[in-house]
Amino acid sequence: MDGMSENESASAVVARLSVAYGELAGARDVAGFVALYAPDAVINDLFTSAPIVGRDVWRTQVQAWFDSIEDGDSNVAAVEPLTVLAAGDLITAFGRVRYAALAPDGSEKYAMWNRLTWALRRADDGGWHIAHEHTSVSLDESTMTPVFE
């Protein structure tokens, strides 16, 4: 992702990343989506028990996600405005993201809310990349089952 100019705030960087994240997921653009991440990114994904380390390993997980969306259906990832903290070449952002698969008629086949944390690092070329991502869901205290909605 392009660098932050002197006049651009960390919040604007995160907003651009959030839009790109949703658009690339919607387009099922594996290469573009994975390019949002640093080569050595660490991802703690809801659907894996161990951290995913490295963009190449993450590519396999993203490909499986995009392949799980049936032909004709739409893949949706919408990041809510995130709380942003920044210092130098590091930005952290945390909030929620909603994932959904929509049938051709627009009805939801499934949807879920995840908690989302990003740590962004400025690269040598001035661009920003996700160096760490953590997604999770809450547990229902009485049943200890995930709460997806």
Side-chain angles (χ1 to χ4, degrees), residues 1-4 8-70 73-103 106-123 126-149:
M1 200 166 117
D2 293 338
M4 177 171 60
E8 184 177 35
S9 69
S11 293
V13 169
V14 172
R16 280 192 299 121
L17 177 67
S18 297
V19 169
Y21 185 95
E23 289 175 350
L24 292 164
R28 293 187 236 176
D29 180 344
V30 174
F33 189 86
V34 172
L36 298 174
Y37 294 79
D40 59 347
V42 176
I43 298 98
N44 287 295
D45 187 61
L46 173 65
F47 293 105
T48 59
S49 58
I52 297 165
V53 180
R55 190 165 41 195
D56 292 336
V57 179
W58 182 227
R59 181 178 288 105
T60 301
Q61 185 79 11
V62 170
Q63 184 70 61
W65 166 28
F66 291 175
D67 286 349
S68 74
I69 307 299
E70 294 179 23
D73 289 350
S74 300
N75 188 37
V76 178
V79 179
E80 286 191 338
L82 302 173
T83 300
V84 177
L85 305 169
D89 292 337
L90 180 66
I91 299 173
T92 61
F94 50 92
R96 298 187 328 152
V97 58
R98 187 167 193 273
Y99 299 103
L102 305 179
S107 63
E108 287 187 350
K109 294 182 110 176
Y110 73 81
M112 62 188 288
W113 282 100
N114 282 13
R115 296 177 284 206
L116 173 67
T117 302
W118 280 334
L120 309 180
R121 181 176 65 222
R122 188 186 335 243
W128 290 90
H129 299 280
I130 301 168
H132 176 72
E133 177 177 285
H134 186 113
T135 59
S136 63
V137 296
S138 301
L139 294 179
D140 179 295
E141 292 178 25
S142 62
T143 63
M144 296 307 289
T145 57
V147 178
F148 290 107
E149 205 45 55

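Under the rule for a side-chain contact (heavy atoms from CB on, under 4.5 Å), the partners of D140 that lie at least two apart in sequence or sit in another chain are S142, T143, T145, V147. With sequence neighbours left out, R96 forms a salt bridge (Lys or Arg N to Asp or Glu O under 4.0 Å) with E80. Annotation: side-chain hydrogen bond (donor to acceptor under 3.5 Å, both in side chains) contacts of T117 (sequence neighbours excluded): none. With sequence neighbours left out, E70 forms a side-chain hydrogen bond (donor to acceptor under 3.5 Å, both in side chains) with K109. Partners of R59 under the salt bridge (Lys or Arg N to Asp or Glu O under 4.0 Å) rule, at least two apart in sequence or in another chain, are D56. Residues that satisfy the side-chain contact (heavy atoms from CB on, under 4.5 Å) test with R98, not counting sequence neighbours, are A100, E108, A111, W113, E149.
T135 is listed as a side-chain neighbour of Y99, based on a closest heavy-atom distance under 4.5 Å. When side chains are defined from C-beta on, I43 does not count as touching Q61, because their heavy atoms never get closer than 4.5 Å. Side chains of N44 and H132 form a contact here, defined as non-hydrogen atoms less than 4.5 Å apart. Put simply, the side chain of E133 reaches to within 4.5 Å of the side chain of W118, judged on heavy atoms.
Note: F47 and W65 fail the aromatic proximity criterion, with ring centroids not under 6.0 Å apart.
Exactly one residue among V53, D45, I130 makes a side-chain contact (heavy atoms from CB on, under 4.5 Å) with W58. That residue is D45.
Counting only distance, with no hydrogens or angles, the side chain of H129 and the backbone of A35 share a donor-acceptor pair below 3.5 Å. With hydrogens and angles disregarded, a donor-acceptor distance shorter than 3.5 Å links the side chain of R115 to the backbone of V137.
Between Y21 and F33, the ring-plane angle classifies as tilted under the 30° and 60° cut-offs.
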